[in-house]
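Scope of the values below: all heavy atoms of this structure, side chains included, with no hydrogens, waters or symmetry mates. Being a predicted model, the structure only gives us computed values, none of them experimental. Every chain is numbered from 1, with letters handed out A, B, ... down the list of sequences.
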Amino acid sequence: MLSFIGRSLIQKIVTLFFVSVVSFLIIHLAPGKPSQVDPMNPKFTPEMVERFQKEFHLDKPLYIQYLYFYRGLFTGKIVSWKDNRSVLAKIWERFLNSLPLFIVGTLLTWTLSFPVGIRSAIYRGGIYDRSATFISYLLISIPGFFFAYILIILVVTTLHVPVIGMETFGLRASSWGNMLMDRVWHLLIPSVLGATGGIAVLSRYVRSQMLEVEGQDYVRTARAKGLPPEQVHYKHALRNALLPFVTMFGLILPGLIGGSVIIESIFSWPGMGRMAYEAILARDYPIILTLNFIAAVLVLVGTFISDLLYLVVDPRIRL
Amino acid sequence: MDTMTDAQHILEAPSAPRQTRLQQLWGLFRENRLAILGLIIFLFFLVFAVIGVILTSGQEPVFNPAMIRLQEKLLPPLTRPDIHTLQPDEIPALSVYLFGTDDLGRDVFARMLQGAWVSLTVGFVAVGISVLVGIFMGGIAGYFGQAMIRFDQIMVSCIMLGGAVLLALGETRTGIGILVAGHAYIFFSIFSKRLLSGRNLPRWFILLHRGAISIDTIIMRTVDIMLCFPTFFLILTVVALLPASMYNIMIVIGLTSWMGTTRFVRAEFLSLREQDFVTAAKALGVGNLRIIFRHMMPNAIGPVLVSSTIGIATAILTEAGLSFLGFGVPPPHATWGNILSDGKRFIFDAPWLTFIPGIAILIVVLCFNLFGEGLRDALNPKLRERG
């Protein structure tokens with residue numbers, strides 16, 4: 001067990017190192033320089049560019065820049081090229097904005113897909129199963145931005161509530177209840193959108209997992225003993241079907257950063273995805289690289305947690 | 001002679017399978033109604049895209065997607081153009097705006113025709129790239145995976161990489177020198193086995209020739225590294241940094257999505273390699289390449305086909321998303337994503353500008369997903385035995 005943890009930690013650190021090198025190379029070897037972002041700006045004189053390059057070590061060779069960057073990242077001193085503020089502070093601020101979106105989306109995904117998937121599996125081939133299957137294909141296939149506009153039209157024209165942004169501008173003076181409802185309405189559509197794809201995929205997975213377990217001999221035995229169907233489905237079958245999902249808890253983590261770029265830019269939600277989009281537009285390399293690094297760390301931590309959970313949950317696995 | 005062949009015929013007839021594998025597959029596939037629907041929609045889309053690229057390109061296209069008619073802007077679908085205010089060559093080919101016009105008075109039907117080809121090629125080329133890379137990497141990892149890479153090979157490739165970097169940085173003479181030295185060493189090492197066998201070699205030389213790391217490890221760790229990147233964010237970054245073009249998007253999507261295929265192919269190859277027919281082929285002296293491509297690949301291709309069909313759907317969605325964010329194919333060319341992105345400003349006045357491309361993307365992506373799932377069911381050995 002300990003040796004497994006040690007080995008996988010070393011392996012993950014090596015992977016992380018290569019990820020940092022590759023992402024650094026991709027960004028810095030791409031054509032164009034951050035100092036060329038705004039060539040028409042009269043304030044961008046050659047002296048300015050030179051000062052800018054000196055300030056951010058852009059005149060040094062690439063490997064020195066790499067060392068400077070990651071030293072800055074680990075000591076927390078790295079600053080954004082746009083406004084000279086600390087990158088970590090900026091990301092933390094945006095992270096707090098993204099967090100409610102992520103939490104609500106994840107909760108919706110995990111609470112809705114299980115009932116749908118289990119019911120589909122129990123009434124396999126029925127009208128419910130077939131329509132659930134078709135709807136989940138529809139939800140997987142629909143482009144997120146198109147679905148967002150459909151939902152916006154629906155909600156705005158039928159319920160007359162504001163949906164763009166995190167809160168309605170100038171509502172500070174209003175009562176506490178109003179503000180809460182305002183927040184909830186703003187949160188609802190983006191998180192539903194973020195959850196749709198997840199619900200569709202996860203419910204299909206729950207269904208296939210459940211079907212596999214329902215075909216096993218011990219379930220047939222339980223049924224033959226004359227146990228009530230609820231007990232067969234929920235006590236005998238479901239418990240074993242749940243096994244792979246416990247390990248999936250670890251894999252939610254990377255969703256914190258990826259995947260929200262389009263939704264956050266449609267809804268003007270000041271979260272991490274939108275920050276990434278803005279940083280890419282402005283060629284703010286420190287922010288792009290830091291976000292990439294954090295995303296890689298989250299993926300590695302997620303797989304590590306899911307490996308550990310597998311060990312805990314499945315007694316057949318011994319290391 | 002006749003009776004002889006008859007007897008042979010009778011003897012062989014029962015042992016031959018009644019159906020070929022393809023017929024069997026088609027029989028299973030045909031039972032899945034949704035998958036057939038997907039196939040039909042896909043064929044329709046293919047025809048639409050091919051006709052589209054014929055009719056909208058050239059000097060004087062039948063449907064001109066770039067024709068601007070400012071007096072005809074934001075007309076709803078199925079409106080007839082006002083013939084009196086238009087020049088003769090400005091009148092649309094069907095003399096009706098089938099899908100309406102956009103904010104510059106361009107015919108949305110013509111733009112959809114033009115955009116269909118972009119979606120189709122992005123989907124197929126990106127997935128083609130990812131499947132080629134995936135099969136190549138997965139095949140090597142699965143078939144040659146146990147072979148070790150030696151220390152000297154690693155060192156030479158590092159040195160040559162350094163030479164290439166120096167060359168790229170402008171240090172031409174040193175760079176070329178290092179590259180030539182590296183190639184010389186490679187040539188030397190090819191013949192060195194015969195030259196050096198039986199001699200007393202120094203210890204450092206033997207140490208250099210020790211295996212350091214297996215090919216399988218290298219490839220699978222590369223897959224792990226690639227999986228660490230958040231895909232859409234990486235694609236967005238690279239596409240934004242590179243000059244805007246359709247080919248860059250295809251290549252970037254292809255190069256960021258080969259990891260799944262690699263894992264499938266490797267897993268299949270690892271199990272196939274141990275099977276008797278491969279041993280038999282090896283015993284007959286069949287070459288490695290022929291074993292890989294003639295004997296093993298047809299058996300490993302099933303999951304790859306399924307994942308690439310679904311990969312096409314994902315690639316089309318990704319391209320549409322990039323176009324929507326403004327990083328897609330550069331503007332005068334229409335894509336479904338940028339028609340939708342342009343139309344979102346008029347979402348309440350001209351909803352067709354949002355709904356027509358949106359529903360088109362939805363239907364095409366849906367057909368690929370349904371087709372892929374149908375294929376997966378048809379290829380599933382558990383179902384095949386029952387059928």
4.5 Å side-chain heavy-atom contact, A:I26 and B:T237: no

Options B:I359, B:L34, B:V238, ranked by heavy-atom pairs under 4.5 Å with chain A, top entry: B:I359

In residues 286-302 of chain A, what donor-acceptor pairs under 3.5 Å come from side-chain atoms, sequence neighbours left out?
from	atom 1	to	atom 2	distance (Å)
A:T290	OG1	A:P286	O	2.5

Pairwise distance CG(B:L362) to CD1(A:I140) - rounded to 0.5 angstrom: 12.0 Å

Inter-residue atom distance B:L317.CG - A:S141.OG, 0.5 Å rounding: 7.0 Å

Part of A:S265 within contact of chain B (heavy atom distance under 4.5 Å): side chain

Region of A:I152 that comes under 4.5 Å of a non-hydrogen atom in chain B: neither

Region of A:T133 in contact with chain B, defined by heavy-atom distances below 4.5 Å: neither

Structural part of A:F147 lying under 4.5 Å from a heavy atom of chain B: neither

Step-by-step side chain to side chain contact (heavy atoms under 4.5 Å, CB included) determination, B:K344 to A:F145: CA-CA 10 Å; B:K344 74 188 178 206; A:F145 45 93; over 6 Å; no

Over 12 foreign heavy atoms within 6.0 Å of OH, A:Y128: yes

Winner by heavy-atom pair count (cut-off under 4.5 Å) against chain B, out of A:R130, A:Q11, A:K12: A:Q11

4.5 Å side-chain heavy-atom contact, A:F146 and B:F355: yes

When B:V364, B:L325, B:I363 are compared by non-hydrogen pairs under 4.5 Å with chain A, the top option: B:L325

Option from B:V365, B:L340, B:I361 for which side chain to side chain contact (heavy atoms under 4.5 Å, CB included) with A:P143 holds: B:I361

From CA spacing to verdict: side chain to side chain contact (heavy atoms under 4.5 Å, CB included), B:L366, A:F134: CA-CA 10 Å; B:L366 185 65; A:F134 189 73; 4.3 Å; yes

Test item: B:R221 and A:F18 side chains (from C-beta on) under 4.5 Å apart, heavy atoms: no

Most contacts with chain B, counted as non-hydrogen pairs under 4.5 angstrom, among A:I150, A:I153, A:L16: A:I153

Residues from residues 345-354 of chain B approaching chain A under 4.5 Å (heavy atoms): B:I347, B:F348, B:T354

Could you list the donor-acceptor pairs under 3.5 angstrom formed between side-chain atoms of residues 240-255 of chain B and any protein atom two or more places apart in sequence or on another chain?
from	atom 1	to	atom 2	distance (Å)
B:S245	OG	B:Y247	N	3.2
B:S245	OG	B:N248	N	3.3
B:N248	ND2	B:P243	O	2.7

Partners meeting salt bridge (Lys or Arg N to Asp or Glu O under 4.0 Å) with A:K90 (sequence neighbours left out): A:D83

B:L236 side, atom CG; A:I280 side, atom CD1 - distance, nearest 0.5 Å: 4.0 Å

Ring geometry between A:Y277 and B:F327 (parallel below 30°, tilted from 30 to 60°, perpendicular above 60°): perpendicular

Which portion of B:A320 sits near chain A, non-hydrogen atoms under 4.5 angstrom: both

